[in-house]
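Below is one structure; the comments refer to it alone.
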2 protein chains.
Amino acid sequence: MRRMTARPANAHQARLLKLLRDQGPNSRAQLGDQIELSRSKLAVEIDRLLETGLVVADGLAASRGGRRSHNVRLAPGLRFLGVDIGATSVDVAVTNAELEILGHLDEPLDVRDGPVAVFEQVLAMAGKLKDAGLAEGFDGAGIGVPGPVRFPDGVPVAPPIMPGWDGFPVREALSQELGCPVMVDNDVNLMAMGEMHAGVARSVRDFLCVKIGTGIGCGIVAGGAVHRGVTGSAGDIGHIQAVPDGRPCACGNRGCLEAHFSGAALARDATEAARQQVSAELAARLETHGTLTAVDVAAAAAAGDATSLELIREGGTRTGQVIAGLVSFFNPGLVVIGGGVTGLGHTLLAAIRTQVYRQSLPLATGNLPIVLGELGRTAGVIGAARLISDHLFSPA
Amino acid sequence: MRRMTARPANAHQARLLKLLRDQGPNSRAQLGDQIELSRSKLAVEIDRLLETGLVVADGLAASRGGRRSHNVRLAPGLRFLGVDIGATSVDVAVTNAELEILGHLDEPLDVRDGPVAVFEQVLAMAGKLKDAGLAEGFDGAGIGVPGPVRFPDGVPVAPPIMPGWDGFPVREALSQELGCPVMVDNDVNLMAMGEMHAGVARSVRDFLCVKIGTGIGCGIVAGGAVHRGVTGSAGDIGHIQAVPDGRPCACGNRGCLEAHFSGAALARDATEAARQQVSAELAARLETHGTLTAVDVAAAAAAGDATSLELIREGGTRTGQVIAGLVSFFNPGLVVIGGGVTGLGHTLLAAIRTQVYRQSLPLATGNLPIVLGELGRTAGVIGAARLISDHLFSPA
DNA sequence: AGACTTTCTCCACCGACAGGACAAAGAGGG
DNA sequence: CCCTCTTTGTCCTGTCGGTGGAGAAAGTCT
């Protein structure tokens, strides 16, 4: 299959492509209702898009009491690759132009193995998806990495948990390997974009997306756009002080949020509790698995283990303290909680909510939903596909 | 004088008006260099602006080796009123269309007297400036109030320190009284806009502006635009918890930043120190003035009083702790410190800097200036004038 | 079958804009 | 003082983007 080469020639075409992406097949009339453009002009632009091959005819729609409309849709052969690299696992998915997931793989991985090893694995996973017949090639790829990224050129900068990645030209290297345009961003930002595109944050223009996995980060969406900060490190809330003179953190300070609550901290606390025989439930799991993770704590809590519940509640409270400050500062319309620890579910959510509603100003919390993400581990890859499609569906 | 009635008819005219506002008189050629428009089209738009009276001819400029250029400038009779209402004082200034201050008054005031009394005073001050021959009327006014504002309609909402203002239609009422368009915003946001227009934050697109006065607030500028949050309360950092189980705060919580450091807290601490005879310097000032304010602490510190220095240092450390979190979160390119306590100067600044540089991530602080505001108490009124001019210089 | 609706296309007209030609006004050199 | 070069500003024409109306195409409903 010939890969996508054309780009929208102007802002109107870009707008139309994004409408078709977000809403699927549409008739000219439906599109005309949503765009400030006369029918005639609209027809011209759609004809041009049809010529480029980005858009194809999609049969007749049902009549609404008059002449039946001719639908158009994005080219069905377009394929985006979404990659979400975490600290200990990676998700790779193929989507069509409407950002629907056609195939999704996840594998364990150690990001500390460095970019070369990681990309070998990622490319192999992409190859598997191709071999399964889901794509013959990719028109674009979005990549999320667990650290700060200099966004314009797609290069990680000084990532604390990714030694060996500093300055590696991710965008350029992958673009070369895949033979298509690539965009790179922080994994948390992509999760936020995913939830904004297809999750709980649909149509919300100002919100925070807190991702609690191995570490803790926060995607910031202001006015419908991701705020990345001047060096791409915005949202790095894991090292905000949550406990004065608290636990030592890898960053050199004490009391960082991440030192007190995160996937890694929770696993450590649980192991400690198991070893000290504080919790029989956890001790049994340690015996079985040889090591404990957040998943074990979630399972133990679900089984009613008091120690696990207390660990989750305390972590939620710490996290809630920090989020409370961010809510006062940023005044979002929504807070989304996601990431690996989402399995901790409503115990965690309740602790966070309690703390935020107690500490933040009533005006800021009055109508503030705090909810779990809706997309789970697909949020990142959908966000990645969204990132590259936003790029490709903009005038060149 | 006939007041401004016209508004720019399109985006080009708006762009030209803003260029003339920010750069003063300009020739067509100079304007053409900064705008993506052909000379012919540019000339047409300028002619139209000349017809409306918003812009006037301003003589010939010096030759640059060829034909001398005909300058144009914004109508010299345009007048904006900038009002910055604080908790205990009010600033009122008149500017021309280039936002240069032609006259400036400040008076003490108690915002708790309610909107009616306050506006009576403000209108009287505006009248004085008129009587001084600085204006015959106003083409627009910007108003800053010390509390959250529902921005689109210019109404304070649930302002903690402004009982009696909740829901008062400030914009509508003042527009009626002054007979000109009015825009209302939080005083901190206006300070940020002022420093962005004419102060230290010129040409910075992402920065924080921390105003420490009676209370503490923070203006947030993201991508060159003020972020106000969904309910207009963004930047309300005074009630972020700075000290776990710290002092009780008026908001009902404990350990709020504002309870530990602000103009009001500092005055209280100083009075306490004077009463307890910890500081002879402060005790003497209490004797003389009957009451102590931040100004007394600043003076005592300047005179070498150890207690005052320590109070400032501790306050700066607390503030720095909170700012450190915000810096990690927002990753700004600049932090501006301003407000009434700016008089505390470099002792305060040093304490804040130390804490931020210690606690925030190196990537976020690596190239982060933390500086005092440059405009002092004019920042608010310049920001207010800027606010209304941005509004008036946009297509209707 | 006829009336009404909805969708889409065609066409004439308008305004936005670019770019070149040209005029005006100055600098500088011989 | 004349000539050339430079810069600025105006005028004119051609092009393109875009609107809105007329009308054809293709339905539904009575």
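Throughout, a chain's letter reflects where its sequence line sits, starting with A, and its residues are numbered from 1.
Remark: P of dT8(D) and CD of Q30(B) are 8 Å apart, rounded to the nearest angstrom. We find that CD of Q13(A) is positioned 13 Å from C1' of dG17(D), with the value rounded to whole Å. The distance from atom CZ of R28(A) to atom P of dC10(C) is 11 Å, rounded to the nearest whole Å. When rounded to the nearest whole Å, the span between CG of L42(B) and P of dC11(D) equals 14 Å. Distance L16(B) CG to dC17(C) P: 11 Å, rounded to the nearest Å. Residue I35(A) contributes atom CD1, which lies 10 Å from atom P of dG18(D) at whole-angstrom precision.
Salt bridge status for R15(A) with E45(A): absent, with no side-chain N to carboxylate O gap under 4.0 Å.
The number of heavy atoms from other shown groups lying within 6.0 Å of CG (N367(A)) does not exceed 12.
Distances shown here put every side-chain N or O of S69(B) at or beyond 4.0 Å from the OP1 or OP2 atom of dT8(D). Put simply, R39(A) has no side-chain N or O that comes within less than 4.0 Å of OP1 or OP2 on dC10(C).
In this structure, the side chain of S389(A) engages the main chain of R386(A) through a donor-acceptor pair within 3.5 Å.
Scanning all heavy atoms of the two residues, the minimum distance from P25(B) to N71(B) falls at CB-ND2, 4.3 Å. Taking every heavy atom of both residues into account, V221(A) and A192(A) meet most closely at CG2-CB, 4.1 Å.
If you check dC17(C), dT19(D), dC8(C) against the side chain of L37(A), the one that comes closest is dT19(D). Side chain of H70(A), nearest nucleotide from dT9(C), dT10(D), dC8(C): dC8(C). For R48(B), the side-chain atoms get nearest to dA16(C) when compared with the rest of dA16(C), dA18(C), dT10(D).
For the pair K41(A) and L60(A), both in contact range of DNA chain D, the more 5′-proximal nearest nucleotide belongs to K41(A). Between N71(B) and S38(A), the residue anchored closer to the 5' end of DNA chain D is N71(B), taking for each the nucleotide with the nearest heavy atom.
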Extract from the structure each pairing of a protein N or O with an N or O of nucleotides 4-7 of chain D at less than 3.5 Å, listing the distance.
| unit_1 | atom_1 | unit_2 | atom_2 | d |
| --- | --- | --- | --- | --- |
| dT7(D) | O2 | R67(B) | N | 2.8 |

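Atom CE of M193(A) is separated from atom CG of D390(A) by 5.0 Å, given to the nearest 0.5 angstrom.
With no hydrogens or angles considered, a side-chain donor-acceptor pair links Q23(B) and Q34(B) at under 3.5 Å.
Remark: the S27(B) side chain and the dG9(D) base include no donor-acceptor N/O pair separated by less than 3.5 Å.
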